[in-house]
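Numbered from 1 within each chain, the chains take letters A, B, ... in sequence-line order. Owing to the predicted nature of the structure, the values given are computational and were not obtained by experimental measurement. Hydrogens, waters and symmetry mates are skipped; everything else that's a heavy atom, side chains included, is used.
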Amino acid sequence: MSFCYLPGEAYYIPVPPQDEEAAFDLVQEFKEVLESPSITKIGQNIKYDLVVLQRYGIDVQGPLYDTMLAHYLLEPDMRHNMDLLAETYLNYSPISIETLLGKGKHQLTMDKLPPLQVYEYACEDADVTLQLKNYFDPLLEKQGLKRLFHDVENPLLAVLGHMERAGVSIDAEALAESSISLETSIKEIEQKIFEHAGMEFNIGSPKQLGEVLFDKMQLGGSKIKKTKTGQYATGEEILSKLAFEHEIVQLILDHRQLTKLKSTYVDALPQLVCAEDNRLHTSYNQAVAATGRLSSTNPNLQNIPIRTEKGREIRKAFVPRDENHVLLSADYSQIELRIMAHFSNDATMKEAFQKGQDIHASTAAKVFHVPVDQVTSDMRRKAKTINFGIIYGISAFGLAERLAIPRREAADIIEAYFVEFPAVKQYMDSAINQAREQEYVETLLGRRRYLRDINSRNQNIRGYAERNAINAPIQGTAADIIKIAMINIDQWLRDEKLATRMILQVHDELVFDVPKEELEIVQPKIEELMKTALPLSVPMEIGLGTGDNWLAAH
DNA sequence: GTATTCTGG
DNA sequence: TTCTACCAGAATACG
């Protein structure tokens, strides 16, 4: 399958106009085959073809076999473009797209080429793809990846196609108003910064900013840090520690936050709204994150702000398609810690989940040796940071840094944690040992992550691999679970012929655009399908909410 | 094109 | 002594 290759831009490929039916008619020749559920469709990055073909009125049916996803499972850390795969595994260099279409902004589109050239390219493309399939098939079998490949990744690709096509509505007027008020605030802050600095400079240039703060104004004293390249470091962590020295520092942090919100979200998102349906269509990449997670680009809808007041205004601008719909958000509660409880089989941690306790409060009670009802908010906050640390492969230094306490104290806390949760410690050790022996770790469904640096003599490099040995199975299992839930939910929505659309995935959360009259049926079913996607030895809890915007649905 | 920073889970 | 918590993408500056 070969069309104009514009990754992430499929929505801007026009539906063929009525007076230019040649391409349209040609594609219809393949409709019966493409829509047949008994014929396997093999391709490289099939989601792209799916989305394009949908625009030609073709609803491609599985089974699907995507060579890009096959390689993603075989070598999750590598890249998976077809030219690279052909060169690596077939020792063959396909006709490059640049040779064919030119490069840069003068690049042609496939429909502008003489048919003979397209024909050669397309045939080669199909040939290479089939050869790759034949090469990968026995490897998938040998590495126990067949189930993950056929039952999860390939079915998911179609689900992602549906989600991308559905898109999400945004309140462009609200964002336009936001833009104006942000601009005013930014200008005001800018003036104040210039007054404090006694000069004008580009606040957005870390180089200039560092020179102003550390050379001209002499802030920071002995705490000044440099980046790899020898510049002054001016990141949030550094500046926060300097905030008490001079009020310019907080102004700079505020300025940073506002310009970030304005340029990345408020001004950028409306420009990406599709003219045809007035909706925002992200593109999910299924083969980028080495742990098995998805990623989202063009725009990235997995990092829409929520943590700050101003940021939440942006989330409010994500709305249902009309007044008859609501947004439904459903998220896995503490999924990664539950997976840790499952893998480690730690009795104490499992008990907390089985009793439905607040996991951070319960951790605090154990670590600080107090009854749960005497856990202070500060103890809970610390325990929350510890729990995050556990998932990431904790170090005394890292914990000390994040809790702003001495390293000795952090080390004591970690030791106390492992006394209370001994099986967690055992699990972490065994994960590292497993990695040392086989040079990979795996998720509950057998998704692998290779850690070829695990036996490195370089402590830094080895340490990184060791933390990954702990984190990758957990993060990856969470990805496995939500992927299964998405497939099951998509299937159910289709079977029941419901108008509810799954529109967003944010790692542990799914967002749906739901007709109000379907809410009663859809909400409990989604909860059930998420809970039961892949049962663990601890219960799974789902947080559900609805509202007339994404923020309200939380 | 690389570095830095900031947004999310 | 060093430097460290995991996974991503986008905007901006700058060589």
Side-chain angles (χ1 to χ4, degrees), chain A residues 8 76-77 201-210 225-240 252-253 255-269 272 282-285 287-308 310-312 314-315 331-332 334-336 340 385-403 407 410 414 428 441 449 451 458-476 478-479 482 504-510 550:
Chain A
D77 278 289
F201 64 101
N202 185 348
I203 304 165
S205 161
K207 184 165 174 286
Q208 293 182 38
L209 178 66
K225 280 196 178 161
K226 300 264 181 96
T227 65
K228 284 186 279 240
T229 55
Q231 282 197 94
Y232 293 118
T234 68
E236 202 269 338
E237 271 177 39
I238 310 267
L239 293 193
S240 289
I252 287 161
L253 289 169
H255 185 269
R256 283 248 181 91
Q257 195 205 15
L258 299 188
T259 52
K260 178 74 172 186
L261 294 179
K262 185 168 187 288
S263 67
T264 307
Y265 305 102
V266 173
D267 290 345
L269 292 177
L272 292 168
T282 186
S283 176
Y284 288 103
N285 200 326
V288 168
T291 53
R293 275 187 175 185
L294 301 177
S295 78
S296 158
T297 59
N298 245 311
N300 180 356
L301 296 185
Q302 292 182 321
N303 72 346
I304 299 303
I306 191 167
R307 293 175 189 173
T308 67
K310 289 244 169 36
R312 285 192 277 274
I314 293 166
R315 207 165 263 245
D331 69 302
Y332 283 102
Q334 306 297 346
I335 188 168
E336 296 193 340
M340 174 57 97
T385 305
I386 296 165
N387 279 332
F388 270 104
I390 290 300
I391 291 164
Y392 297 149
I394 202 163
S395 74
F397 182 93
L399 186 65
E401 193 73 6
R402 275 159 190 79
L403 288 179
R407 202 186 310 184
I414 292 171
M428 292 169 76
V441 289
R449 173 124 195 226
L451 300 168
N458 181 319
Q459 207 182 105
N460 258 339
I461 294 173
R462 191 176 65 247
Y464 183 72
E466 287 173 353
R467 292 193 294 278
N468 262 315
I470 293 161
N471 179 262
I474 294 174
Q475 192 179 121
I482 197 168
L504 297 171
Q505 191 257 35
V506 193
H507 310 304
D508 62 357
E509 176 189 14
L510 297 173
W550 191 4

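Taking side-chain N and O atoms only, Y265(A) has no distance below 4.0 Å to OP1 or OP2 of dG9(C). An OP1 or OP2 oxygen of dA13(C) is reached within less than 4.0 angstrom by a side-chain nitrogen or oxygen of N202(A). Residue R307(A) places at least one side-chain N or O under 4.0 Å from the OP1 or OP2 atom of dG9(B). Between N468(A) and dC7(C), a side-chain N or O to OP1/OP2 separation shorter than 4.0 Å is present. OP1 or OP2 of dC6(C) sits under 4.0 Å from a side-chain N or O of R467(A). For the OP1/OP2 pair of dT1(C) and a distance below 4.0 Å, the side-chain nitrogens and oxygens of Q459(A) include no atom meeting the criterion.
Atom CD1 of I390(A) sits about 7.0 Å away from atom CD1 of I414(A), to the nearest 0.5 Å. Separating the CG atom in L294(A) from the CD1 atom in I482(A) is a distance of 8.0 Å, to the nearest 0.5 Å. One finds the CG atom of D77(A) at 4.5 Å from the CZ atom of R449(A) (value rounded to the nearest 0.5 Å). Taken to the nearest 0.5 Å, the CG atom of N285(A) stands 6.5 Å off from the OG1 atom of T297(A).
Nucleotide dA10(C) holds its C1' atom 11 Å from the CD1 atom of I304(A), rounded to whole Å. Rounded to whole Å, the distance from CD1 on I314(A) to C1' on dA10(C) is 13 Å. Rounded to whole angstrom, the span from the CG atom of L209(A) across to the C1' atom of dA3(B) amounts to 15 Å. Atom CZ of F388(A) and atom P of dC7(C) are 15 Å apart (whole Å). Whole-Å rounding puts the N298(A) CG to dT7(B) C1' distance at 16 Å. Look at CD1 on I470(A): it is 15 Å from C1' on dC7(C), rounded to the nearest Å. Nucleotide dC6(C) holds its C1' atom 10 Å from the CZ atom of R402(A), rounded to whole Å. Between L261(A) atom CG and dT7(B) atom C1' the separation is 8 Å, expressed in whole Å.
Residue-environment remark: CZ (F201(A)) exceeds the threshold of 12 foreign heavy atoms within 6.0 Å.
Taking every heavy atom of both residues into account, L301(A) and V506(A) meet most closely at O-CG2, 4.1 Å. Annotation for G292(A) and A479(A): closest pair O-CB, 3.4 Å, computed over non-hydrogen atoms. Between T282(A) and S296(A), the closest heavy-atom pair is OG1-OG, 2.7 Å. Scanning both residues, L399(A) and A410(A), for their nearest heavy atoms gives CD2-O, 3.9 Å.
In DNA chain C, the stems built from three or more successive Watson-Crick or G-U pairs (distances below 3.5 Å) are B:1-9 with C:6-14.
Along DNA chain C, the nucleotide nearest to D77(A) and the one nearest to I394(A) differ in position, and the one closer to the 5' end is contacted by I394(A). Annotation: of the two residues near DNA chain C, Q208(A) and R449(A), the 5′-most nearest-nucleotide partner is R449(A).
Side-chain atoms of R315(A) stay outside donor-acceptor range of the base of dG8(B), with no qualifying N/O pair under 3.5 Å.
Counting non-hydrogen atoms under 4.0 angstrom, A290(A) reaches the backbone sugars and phosphates but no base. Backbone-only engagement by S295(A) is indicated by non-hydrogen atom pairs under 4.0 Å involving sugar-phosphate atoms exclusively.
Residue ring and base: F397(A) counts as stacked with dT4(C) (centre distance below 5.5 Å, interplanar angle below 30°).
Distance check on atom P: dA3(B) versus dT4(C) gives 15 Å, rounded to whole Å. Taking atom P in both dC6(B) and dA5(C), one finds a spacing of 15 Å when rounded to whole Å.
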Protein-nucleic acid N or O pairs under 3.5 Å, nucleotides 4-6 of chain B:
| from | atom 1 | to | atom 2 | distance (Å) |
| --- | --- | --- | --- | --- |
| dT4(B) | OP1 | T227(A) | OG1 | 2.4 |
| dT4(B) | OP1 | T229(A) | OG1 | 2.7 |
| dT5(B) | OP1 | T234(A) | N | 2.6 |
| dT5(B) | OP1 | T234(A) | OG1 | 2.8 |
| dT5(B) | OP1 | G235(A) | N | 3.3 |
| dT5(B) | O3' | R256(A) | NH1 | 3.2 |
| dC6(B) | OP1 | R256(A) | NH1 | 2.8 |
| dC6(B) | OP2 | E236(A) | N | 2.8 |
| dC6(B) | O2 | K260(A) | NZ | 2.8 |

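Among the nucleotides dT12(C), dT4(C), dA13(C), the one closest to the side chain of S263(A) is dT12(C). Proximity note for Y392(A) (side chain, C-beta onward) versus dG9(B), dT4(C), dA11(C): the nearest is dG9(B).
In this structure, R315(A) contributes its side chain and P305(A) its backbone to a donor-acceptor pair below 3.5 Å.
With Y232(A) as the aromatic partner, K226(A) meets the cation-pi criteria of under 6.0 angstrom to the ring centre and within 45 degrees of the ring axis.
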